[in-house]
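Values reported hereafter were calculated over all heavy atoms of this structure, with side chains retained and with hydrogens, waters and symmetry mates removed. All values reported here derive from a predicted model rather than from experimental measurement.
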Amino acid sequence: WGIGGLSHTSMKGSDDPAEWVYPESRVSMNFHYNMGAGGITHTKSLGGSTLLRTTLAVNAGEHSYHKKSRLDPEEPGKLFPLYGIDMIEGGTVVSSTLSHVFGPGLSLRAGLEGGNRFYWLTGDARDYESGIYEKFLDGWGDCLLASAFLQGKYLPLPFLTLTGGMHVS
């Protein structure tokens, strides 16, 4: 299974100062957002009333936003960077769930999940007072995640379902 998407938007603005009626008339901008996720799931019967389901999944996204502007009417073709932001993020996960039905009114599920998340983020911007264009974001990170759960479901009457459980991460 999988899903993905690509998105791109851009503006070019104008080099003619006579057309600089609105701020957007001076701007050159590019925005990208791309993402995807995919995985594989395997289900195995361990008897008539017990199932083991295991899934491996990955996902990632990329976001890029850069904006420049024509700031000098004497040099209308010269674009000055205003800001730029780039980010990549994603992760992987492995999960396994064991389900067992004890009878028509009682079932139990238990599972484990582990994975990681990561990101990388950079950004530059122009200080409008000094005119200096410099980095203001520069970071990355990752983490490992783990969790487990146990859940029971009991149907004492046709119109009443009791569900209880616990989850730890």
*Between CE on residue M29 and OG on residue S10, distance to nearest 0.5 Å*: 7.0 Å

*With sequence neighbours excluded, tell me which residues meet ring-ring contact (aromatic ring centres under 6.0 Å, His included) with H167.*
none

_Quick one about E19 and S14 (side-chain donor to acceptor, distance below 3.5 Å, no hydrogens or angles considered), yes or no?_
yes

*For L98 and L46, what are the C-alpha separation, side-chain angles and deciding distance, and is it a side-chain contact (heavy atoms from CB on, under 4.5 Å)?*
CA-CA 9 Å; L98 184 66; L46 303 176; 3.8 Å; yes

_Around atom CD1 of I3, are there more than 12 heavy atoms from other residues, nucleotides or ligands closer than 6.0 Å?_
no

*Of the non-hydrogen atoms in P17 and P73, which two are nearest, and what is the gap between them?*
CG-O, 3.9 Å

_Please find the pair of heavy atoms, one from G84 and one from Y133, that lie closest to each other, and give the distance._
N-OH, 3.6 Å

*Kindly compute the distance separating CZ (F31) from NE2 (H66), expressed to the nearest 0.5 Å.*
11.0 Å

*With ring centroids as reference points, do Y65 and H63 lie under 6.0 angstrom apart?*
no

_Working for side-chain contact (heavy atoms from CB on, under 4.5 Å), residues R70 and W20_ = CA-CA 9 Å; R70 295 159 181 86; W20 294 355; 3.5 Å; yes

*Mark yes when over 12 heavy atoms from residues, nucleotides or ligands other than K135 sit less than 6.0 Å from its NZ; otherwise mark no.*
yes

*Report yes or no: do Y128 and F136 belong to one cluster of Ile/Leu/Val/Met/Phe/Trp/Tyr joined by side chain heavy-atom distances under 4.5 Å?*
no

_Verdict with supporting geometry, L52 and T43, side-chain contact (heavy atoms from CB on, under 4.5 Å)_ = CA-CA 6 Å; L52 177 64; T43 303; over 6 Å; no

*Determine whether T41 and W1 make a side-chain contact, defined as any pair of heavy atoms from C-beta on separated by less than 4.5 Å.*
yes

*asked:* Test of understanding: with salt bridge (Lys or Arg N to Asp or Glu O under 4.0 Å), list the residues that count as partners of R117, not counting sequence neighbours.
replied: E89

*Linking Ile, Leu, Val, Met, Phe, Trp and Tyr through side-chain heavy atoms less than 4.5 Å apart, which residues share a cluster with L56?*
I40, V94

*Which heavy-atom pair separates D15 from G77 by the least distance, and what is that distance?*
OD1-CA, 3.6 Å

*asked:* If hydrophobic clusters are built from ILVMFWY residues whose side chains come within less than 4.5 Å, do L145 and Y119 share one?
replied: no

*Same hydrophobic cluster for M87 and L137, using side-chain heavy-atom links shorter than 4.5 Å among ILVMFWY?*
yes

*Answer yes if L155 and L108 sit in the same cluster of Ile, Leu, Val, Met, Phe, Trp and Tyr residues linked by side chain heavy atoms under 4.5 Å apart, and no otherwise.*
no

*To the nearest 0.5 Å, what is the distance between CG (L82) and CZ (R26)?*
10.5 Å

*Please round to the nearest 0.5 Å and tell me the distance separating atom OG of S45 and atom CG of L51.*
5.5 Å

*Between CG on residue L6 and CG on residue N34, distance to nearest 0.5 Å*: 5.0 Å

*asked:* Within the structure provided, determine whether I85 and L121 are in side-chain contact (heavy-atom separation under 4.5 Å).
replied: yes

*Shortest non-hydrogen contact from V21 to A18?*
CG2-O, 4.3 Å

*Kindly determine whether K153 and L162 satisfy side-chain contact (heavy atoms from CB on, under 4.5 Å), including the steps that lead there.*
CA-CA 6 Å; K153 187 184 289 186; L162 302 174; over 6 Å; no

*Taking side-chain hydrogen bond (donor to acceptor under 3.5 Å, both in side chains) as the test, write out the residues that go with H32, two or more places apart.*
none

*Output all residues satisfying side-chain hydrogen bond (donor to acceptor under 3.5 Å, both in side chains) with T161, sequence neighbours left out; order by chain, then residue number.*
none

*Report yes if some heavy atom in the side chain of H8 is under 4.5 Å from a heavy atom in the side chain of Y33; otherwise report no.*
no

*Is there a side-chain contact between K78 and D72, using heavy atoms and a 4.5 Å cut-off?*
no

*For Y22, does its backbone N or O pair with a side-chain atom of S25 as donor and acceptor, under 3.5 Å?*
yes

*Donor-acceptor pair, S69 side chain versus L71 backbone, under 3.5 Å?*
no

*Between R126 and P81, is any pair of side-chain heavy atoms under 4.5 Å apart?*
yes

*Kindly work out whether a path of hydrophobic side-chain contacts (I/L/V/M/F/W/Y, heavy atoms less than 4.5 Å apart) joins M166 to L112.*
no

*Verify the distance criterion only: is there a donor paired with an acceptor across the side chains of H42 and T54 at less than 3.5 Å?*
no

*Without swapping roles, check the side chain of N116 against the backbone of T92 for a donor-acceptor pair under 3.5 Å.*
yes

*asked:* Taking the side chain as everything from C-beta on, heavy atoms only, tell me whether R109 gets closer than 4.5 Å to T97.
replied: yes

*Close side-chain approach of S96 to R53, heavy-atom, < 4.5 Å*: no

*Are M11 and E24 close enough that some pair of their side-chain heavy atoms sits under 4.5 Å apart?*
yes

_For F118, give me all partners under ring-ring contact (aromatic ring centres under 6.0 Å, His included), at least two apart in sequence or on another chain._
none

*With rounding to the nearest 0.5 Å, note down the distance linking CD1 in I132 to CG in D124.*
13.5 Å

